[in-house]
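Each ligand, and each atom within it, is numbered from 1 in the order the structure gives.
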Amino acid sequence: MTARIIDGKARAAALRAEVATGVAAFTAAHGRAPGLTVVLVGDDPASAVYVGSKGKATTEVGMISATHRLPADTSEAELLALVAALNADETVDGILVQLPLPRHIDSDRVIAAIDPMKDVDGFHPVNAGRLATGLDALVPCTPSGCMLMIREALGDVTGLEALVIGRSNIVGKPMAALLTAASATVTIAHSRTRDLAGHVARADIVVAAVGVAHLVKGALLKPGACVIDVGMNRIDAGDGKTRLTGDVDYEGALARAGWITPVPGGVGPMTIACLLANTLKAARARAAA
Ligand code: GUN
């Protein structure tokens with residue numbers, strides 16, 4: 001079997017086009033475009049790249065993009081004051097504080113300070129709790145994007161065995177919640193799991209989100225499995241350069257899986273498209289409140 005590739009780039013382009021249509025209607029109805037504000041503290045180069053692509057994608061769908069770049073020695077109090085100002089700003093529909101934050105800042109405290117209605121990352125405990133209890137919520141962008149790709153590949157996932165590898169608040173836990181809500185039978189594996197190979201062998205759906213290059217070997221997969229690779233690991237390419245690779249042994253998985261997402265070009269573009277969709281959703285909810 002050669003796995004079919006789930007084209008995240010193409011699926012993301014379709015979602016962005018859908019969002020752009022919604023943005024145009026929102027702007028016509030309310031006399032202003034939805035606004036997304038990104039806050040970046042410090043000068044982590046990878047974060048700066050992500051923040052740049054988020055800003056570009058935001059303006060391309062017709063929304064207003066603002067970025068606050070703060071120095072690495074910004075105090076927690078200063079950051080909390082900025083969040084409070086953005087909460088109070090009627091033109092700001094979405095607030096995204098790029099993680100990781102410098103070590104002297106308590107990320108949990110900053111996330112909890114964001115107005116849950118503007119929490120387009122879906123990281124606030126109110127949104128996490130709403131997702132966990134089946135209420136309408138702003139859902140974290142990466143797992144949302146993964147779920148859209150799983151739906152595109154498999155359609156209905158009722159009763160299927162789904163394995164989520166990784167238990168972060170950003171990906172693993174919300175991914176498990178989305179799959180559970182979709183009536184899959186969900187297992188969460190993590191660094192302390194004893195028999196990862198046994199779990200992988202049983203899974204119809206594998207979502208790998210641990211940040212360990214090539215952890216999931218192709219030969220372990222159940223034939224025909226749908227494999228979603230969230231990993232973004234920078235490894236030595238052998239020629240003095242580096243390259244991005246996933247948590248899945250892609251070549252091995254191609255020969256055994258039914259569906260697979262490439263890295264890059266799989267989950268990454270979907271995450272940004274889902275961020276735009278969340279911002280439109282937040283703008284609509286605030287306008288209706
Ligand atoms: N850093 C890496 N991924 C993310 C994300 O999805 N949201 C935020 N805020 N920071 C991140």
Checklist entry - Salt bridge or not for Asp136 and Lys281, using N-O below 4.0 Å? => result yes

Checklist entry - Which part of Phe123 is near ligand 1, with near meaning a heavy atom under 4.0 Å away: side chain, backbone, both or neither? => result side chain

Checklist entry - For ligand 1, is Thr142 a contact, meaning one of its heavy atoms is under 4.0 Å away? => result no

Checklist entry - Which residue holds the protein heavy atom closest to atom 7 (N) of ligand 1, what is that atom called, and what is the gap in Å? => result Asp121 OD1, 3.0 Å

Next on the checklist: I need the atoms of ligand 1 closer than 4.0 Å to a non-hydrogen atom of Leu96, numbered in the order shown.
Outcome noted: 9 (N)

Item to check | Charged N-O contact under 4.0 Å between Asp93 and Arg32 | outcome: yes

Item to check | Contact check: Val97 vs ligand 1, nitrogen or oxygen atoms, below 3.5 angstrom | outcome: yes

Item to check | Within reach of ligand 1, part of Thr271 (heavy-atom separation under 4.0 Å) | outcome: neither

Item to check | Heavy atom of the protein closest to atom 1 (N) of ligand 1 (residue, atom name, distance) | outcome: Leu99 O, 2.8 Å

Checklist entry - Distance from Phe123 atom CZ to Ser168 atom OG, nearest 0.5 Å? => result 8.0 Å

Checklist entry - Is at least one protein non-hydrogen atom found at under 4.0 angstrom from atom 3 (N) of ligand 1? => result no

Item to check | Side-chain ion pair, Glu90 and Arg286, N-O less than 4.0 Å | outcome: yes

Item to check | Heavy-atom neighbours of Asp43 CG exceed 12 at 6.0 Å | outcome: no

Next on the checklist: Tell me the protein heavy atom at minimum distance from atom 11 (C) of ligand 1, and give that distance in Å.
Outcome noted: Gln98 NE2, 3.5 Å

Checklist entry - Is the closest basic N to carboxylate O distance between Glu152 and Arg11 below 4.0 Å? => result yes

